[in-house]
Amino acid sequence: MRYDFARAEPHWQAQWDAHGCFRVADVPTSGRPKYYVLEMFPYPSGKIHMGHVRNYTLGDVVARYKRARGFDVLHPMGWDAFGLPAENAARERGVHPAQWTWENIAAMRAELQRMGLSLDWTREFATCDPSYYGQQQKLFLDFLAAGLVERRESWVNWDPVDGTVLANEQVIDGRGWRSGAPVEKKQLWQWFFKITDFAPELLDALDGLDRWPERVRLMQANWIGRSEGARVRFALAGAEAGIDEIEVYTTRPDTLFGMSFVAIAPEHPLAAAVSARDAGVAEFVAECRRMGTSEAVIETMEKRGIDTGLRVAHPFIPGATYPVWVANFVLMEYGTGAIFGCPAHDQRDLDFARKFSLPVVPVVLPPGEAEQGFTIGAKAHDGTGRMINSGFLDGLAAPDAAKSAAIAELERLGAGQGVVNWRLRDWGVSRQRYWGCPIPVIHCAACGVVPVPSGDLPLRLPDDVTFDQPGNPLDHHPTWKHVACPACGAAARRETDTCDTFVDSAWYFARFCSPAAKEPVQEEAAAHWLPVDQYIGGIEHAILHLLYSRFFTRAMRATGHVDVSEPFAGLFTQGMVTHESYRGADGRWLYPGEVNRTAEGATHRETGEAVTVGRVEAMSKSRRNTVDPGAIIDRFGADTARWFILSDNPPERDMEWTEAGVVGAYRFTQRLFRLADGVTAPAGARPEVFSPAAHALRQATHRTIAALSEALEGFAFNVAVARVYELANAIADAEKSADAPAMGWARFEALSMLARLVCPMMPHLAEELHARLHGGAAGLVAELPWPEADAALLVVERVTIAVQVMGKLRATLELAPGMAAEHVLAAAEAEPNVARLLEGRRVVKRVHVPDRIVNFVLAG
RNA sequence: GCGGACGUGGCGAAACUGGUAGACGCAGCAGACUUAAAAUCUGCUUCCUUUCAGGAGUGCGGGUUCGAUCCCCGCCGUCCGCACCA
């Protein structure tokens, strides 16, 4: 008899649904503790991919386990439904973004439901639904009223041919992806959330996030980027267009005596001023504008610059002046958009100085170096040392003591002051696009920016838009933007920018607590469920999405919507799903389904020609190395897909999807089914006495319960899987051993525990096994508590002690635990192999680690 | 370029975070069952030396320690993020 997953899986899903196993109230009255499990909700691209299967399987294991542990578990699902792909589909295929999105959602919901996830589907929503984004508009207006939103000019990537703003990913090698035209930077008036208001708090609170991965906290801390330094004002030797000084931010004011130039960003006002009269500078600035706004691009391109001819005075050295350059690596967004260059102690400045033959004066002498003859070669010295060539700073320790002294002097001279600087920039949320949440403000010539009245919310997107011309369809709409000013009644214009989709995902976790509420969040529901106890998603979101959510939660707290500051108490970041890639003889990428893969190599399934096996890489459509979860569930069932995805490796690491691995997982589902097939509850009470074999099986069962609990708590799902294999092996072995009277009882115990233990991972098979073992009379596993291990069966009766001589293993001892050191050492010395090696040698040290190891250290 | 991680048999990995490296699975090999194949079951499986017994071994090179996959220093390789992809 074989396990018929195709029949069983829909059956048990219907049972769970009929029992409402996974539904919870907005404000539960059960008295049980709460646990909120959330996986990052998907973008509705149309099909689920293996990354989703992994993410939602991980979350489901946690949700089911916690539910069994007696928690009320909130485990919702929704759709991150606004975004560029829907507009691209509209432009390419003429389908309306709304239609495209809702059809995708329907398809993906059906696929997700086949996975047997323990979700409360009654809480489902999509961010493109006015019932969601209308609430978001309320939040926007509350933030605006609280001074957390601001309008200012900032730079965007502009495609001059398509007349549209480009996302960084739409800029390829400095050109627009569709038009191929060189991209230009352009300044637009944009809306910003003032995330920098919370910079100190966002940084400090990281310490309290003890259930977040350390690396994520580090990345966030570096991203927020607190630094202590100084602002220094350099007087220009001659004013330029009314500008008579350059303010610079530096973290190394101690190296001011080593300066050899000042460099300003191409967007710096002074660069514009010089451009007006200097064609060379104007040309350079224009060229920098064609680089787009991506920091990664700016930082990796060749360091270039141009001398403006201007000179600045040194704050400490009367009479000394230095050239002012425009440099393509100076960022307008960081500090003041201007730096001073000290080539001896900053690698980038050194590269720049070497390239343009600027002086390199060392001012920090590294420890152990002689001052005389010390020069800087190809490497700048950015470490500690003692100040030289630095006037009043000479002899001080760098950087700290010298830094304080330099700042004190700058302040005394009125040439600057010590400041704390943040790398974090305010969050620009304006998008010149249709498929997003409309920003609910009106621009009035007389009244300025006027909020859309709350009674007019949700401010809906118009449906009748066209995508036949470049730019923002909202802007082109014949009527939508024309509106009377709510304040004065005069003709006014709606804001036509929509929100960054990161805004939608920055508070959805709060909305899930009360998805139907008439306000953004219902107070009691949010108070009960927040924060999310376990959040699970891809490491690629380690910075932006998580930081924005942390900001949003604080902004919602400031405007009275929630009473927590941190959205996610626990965070787990999963790795990607990867697969081999294949290329045919003509160089085209091939889908795994088109390839016959053997240990020796690969051939094309139809033509039989040789196929090149490429690297194992993240699944992507462009390389066609994708596997369709739907097809896997058709062939093997959801439990097999879930089991394999959990068993392969630790969830935080990238996993390789392999056909052989899935087949192996499938075989195990059948093996479990066979093991339990025909087994029913033994008649009579529990036996008084167990044979050694039956006792050993019972120990294995209870150790598995304990081990699995520990593994599941610690996200070591691959270890949990291994423990399940071990118990299954133990049951199979016991089957073969002589059938002592009590063995039947021990075996039934093992099997019925095993059925319950695999439930978080393979919920359908668990129900099937459970129902068969108990003749259908013992309820749903989904509603049973987690098994408890019998402490008496966890007691360790024998330990294996390794015996080393000079750190090398020479023997092992089998002993009862807790033996005294002398006894263990004596037993170790008596081992023939050990005695042989100790013969005639002097033992200088005898190491004994109880119940673990003995080590004899010999003289000489 | 900057920031963050990761690297263990043929492959995915485990190892009570300083104490027997390789649990468990995949693949492979041998055997049983079968007319045969599939499925299933049993055994073997880090590498080297001639078994007994040794030697080497956790990306590479050093260091600390009785003892290092684990701690420290320096390299190499791979991956993630870099603010308008989600």
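Here is the naming used below: chain letters follow the sequence lines, and residue numbers restart at 1 for every chain.
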Asks: Going by a 90° cut-off around 0, is B/rG9 syn or anti?
Replies: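 Syn, since the glycosidic angle lies within 90° of 0.
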Asks: Between B/rC24 atom C1' and A/Arg703 atom CZ, what is the distance in whole Å?
Replies: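 Going from CZ in A/Arg703 over to C1' in B/rC24 covers 17 Å.
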Asks: Below 30° counts as parallel, above 60° as perpendicular, anything between as tilted: where do the rings of A/Phe198 and A/Phe551 land?
Replies: perpendicular
Asks: Under 3.5 Å for both donor-acceptor distances, Watson-Crick or wobble: does B/rG3 have a partner, and if so which one?
Replies: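 Because both required distances fall under 3.5 Å, B/rG3 counts as paired with B/rC80.
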Asks: Round to a whole Å and report the spacing from CD of A/Gln670 to P of B/rA39.
Replies: 13 Å
Asks: Go along nucleotides 80-86 of chain B 5' to 3' and tag each nucleotide: B for a protein heavy atom under 4.0 Å from its base, S when only backbone or sugar atoms are that close, - otherwise.
Replies: SSBBBBB
Asks: Tell which nucleotide pairs with B/rC66, taking only Watson-Crick or G-U wobble pairs whose two distances are both under 3.5 angstrom.
Replies: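 The base-pairing partner of B/rC66, which may sit in any strand shown, is B/rG19.
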Asks: Taking only the C1' atom of each, what is the distance from B/rU20 to B/rU58 in whole angstrom?
Replies: 15 Å
Asks: Pick base, sugar-phosphate or nothing for A/Arg846, based on heavy-atom distances below 4.0 Å to the nucleic acid.
Replies: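 The answer is nothing, as A/Arg846 stays clear of every strand by at least 4.0 Å.
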Asks: Check whether any side-chain nitrogen or oxygen of A/Asn833 sits under 4.0 Å from OP1 or OP2 of B/rC52, and answer yes or no.
Replies: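 Checking B/rC52 against A/Asn833, no side-chain N or O comes under 4.0 Å of OP1 or OP2.
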Asks: Expressed as a whole number of angstroms, how long is the span from A/Phe668:CZ to B/rA27:P?
Replies: 15 Å
Asks: Whole-Å distance between B/rC52 P and A/Arg810 CZ?
Replies: 15 Å
Asks: P atom, B/rG12 versus B/rC33: distance in rounded Å?
Replies: 36 Å
Asks: Answer whether the closest heavy-atom distance between the side chains of A/Met108 and A/Met77 falls below 4.5 Å.
Replies: no
Asks: Rounded to the nearest 0.5 Å, how far does OG1 of A/Thr669 lie from CG of A/Asp639?
Replies: 7.5 Å
Asks: To the closest 0.5 Å, what do you measure between CH2 (A/Trp158) and CD (A/Gln432)?
Replies: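 Answer rounded to 0.5 Å: 8.0 Å.
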Asks: Give me the distance, rounded to whole Å, that separates B/rC52 from B/rG61 when you measure between the C1' atoms they each carry.
Replies: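 These two C1' atoms come out 37 Å apart once rounded.
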Asks: A/Arg215 CZ to B/rC79 C1': how many Å, rounded?
Replies: 10 Å
Asks: For B/rG28, which nucleotide is its Watson-Crick or G-U wobble mate, given both distances must be under 3.5 Å?
Replies: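 Partner of B/rG28: B/rC44.
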Asks: Kindly compute the distance separating CG (A/Asn729) from CZ (A/Arg671), expressed to the nearest 0.5 Å.
Replies: 4.5 Å
Asks: Once you round it to whole Å, what is the distance between C1' of B/rC2 and CG of A/Asn222?
Replies: 10 Å
Asks: Between atom OH in A/Tyr666 and atom P in B/rU40, what is the gap in whole Å?
Replies: 10 Å
Asks: Could you tell me the Watson-Crick or G-U partner of B/rG9, where both distances fall under 3.5 Å? Say none if there is no partner.
Replies: none
Asks: Considering only side-chain heavy atoms of A/Tyr725, which listed nucleotide, B/rC41, B/rG25, B/rA5, is closest?
Replies: B/rG25
Asks: NA contact type, A/Arg836, heavy-atom cut-off 4.0 Å: base, sugar-phosphate, or nothing?
Replies: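 Contact class for A/Arg836: sugar-phosphate only.
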Asks: Rounded to the nearest angstrom, tell me the gap between atom CG in A/Leu754 and atom C1' in B/rC24.
Replies: 14 Å
Asks: Considering every strand shown, what is the Watson-Crick or G-U wobble mate of B/rA14 when both distances are under 3.5 Å?
Replies: none
Asks: Sticking with atom C1', work out how far B/rA23 lies from B/rA15, rounded to a whole angstrom.
Replies: 8 Å
Asks: Say you pick atom C1' in B/rG7 and the same atom in B/rU69; how far apart are they, in whole Å?
Replies: 11 Å
Asks: In the 5'-to-3' direction, what one-character label does each nucleotide of nucleotides 7-21 of chain B receive under the scheme B = base within less than 4.0 Å of a protein heavy atom, S = sugar-phosphate only, - = no such atom?
Replies: S----BSS-B--BB-
Asks: Expressed in whole Å, how much space separates the P atoms belonging to B/rU8 and B/rC2?
Replies: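 Straight-line distance between the two P atoms is 26 Å.
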Asks: When rounded to the nearest Å, what value does the distance between C1' atoms of B/rA14 and B/rC26 take?
Replies: 15 Å
Asks: Apply the side chain to side chain contact (heavy atoms under 4.5 Å, CB included) test between A/Tyr666 and each candidate in A/Tyr3, A/Phe636, A/Phe644; give the one that qualifies.
Replies: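 Running side chain to side chain contact (heavy atoms under 4.5 Å, CB included) over A/Tyr3, A/Phe636, A/Phe644 with A/Tyr666 returns exactly one hit, A/Phe636.
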Asks: Say you draw a straight line from NZ of A/Lys186 to CZ of A/Arg289; how long is it, rounded to the nearest 0.5 Å?
Replies: 11.5 Å
Asks: With rounding to whole Å, what would you report as the distance between B/rU51 and B/rC60 at their P atoms?
Replies: 26 Å
Asks: Using the closest heavy atom to pick a nucleotide of RNA chain B for each, name whichever of A/Lys303 or A/Ala665 lands nearer the 5' end.
Replies: A/Lys303
Asks: Please work out which of the three classes, parallel, tilted or perpendicular, describes the rings of A/Trp427 and A/Tyr548, given edges at 30° and 60°.
Replies: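 Plane angle under 30°, so parallel.
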Asks: Quick one: on RNA chain B, does A/Glu726 or A/Lys808 contact a more 5' nucleotide (nearest heavy atom)?
Replies: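 Nearest-nucleotide comparison on RNA chain B picks A/Glu726.
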Asks: Do A/Arg2 and A/Gln670 come within less than 4.5 Å of each other through their side chains, counting heavy atoms only?
Replies: yes
Asks: With rounding to the nearest 0.5 Å, note down the distance linking CE in A/Met655 to CG in A/Asp648.
Replies: 4.0 Å
Asks: Do A/Asn55 and A/Met40 have side-chain heavy atoms sitting under 4.5 Å apart?
Replies: yes
Asks: Counting C-beta onward and ignoring hydrogens, is there a side-chain heavy-atom pair between A/Glu302 and A/Lys355 closer than 4.5 Å?
Replies: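 A side-chain contact under 4.5 Å exists here.
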Asks: With both distances under 3.5 angstrom, what nucleotide forms a Watson-Crick or G-U wobble pair with B/rU49?
Replies: B/rA53
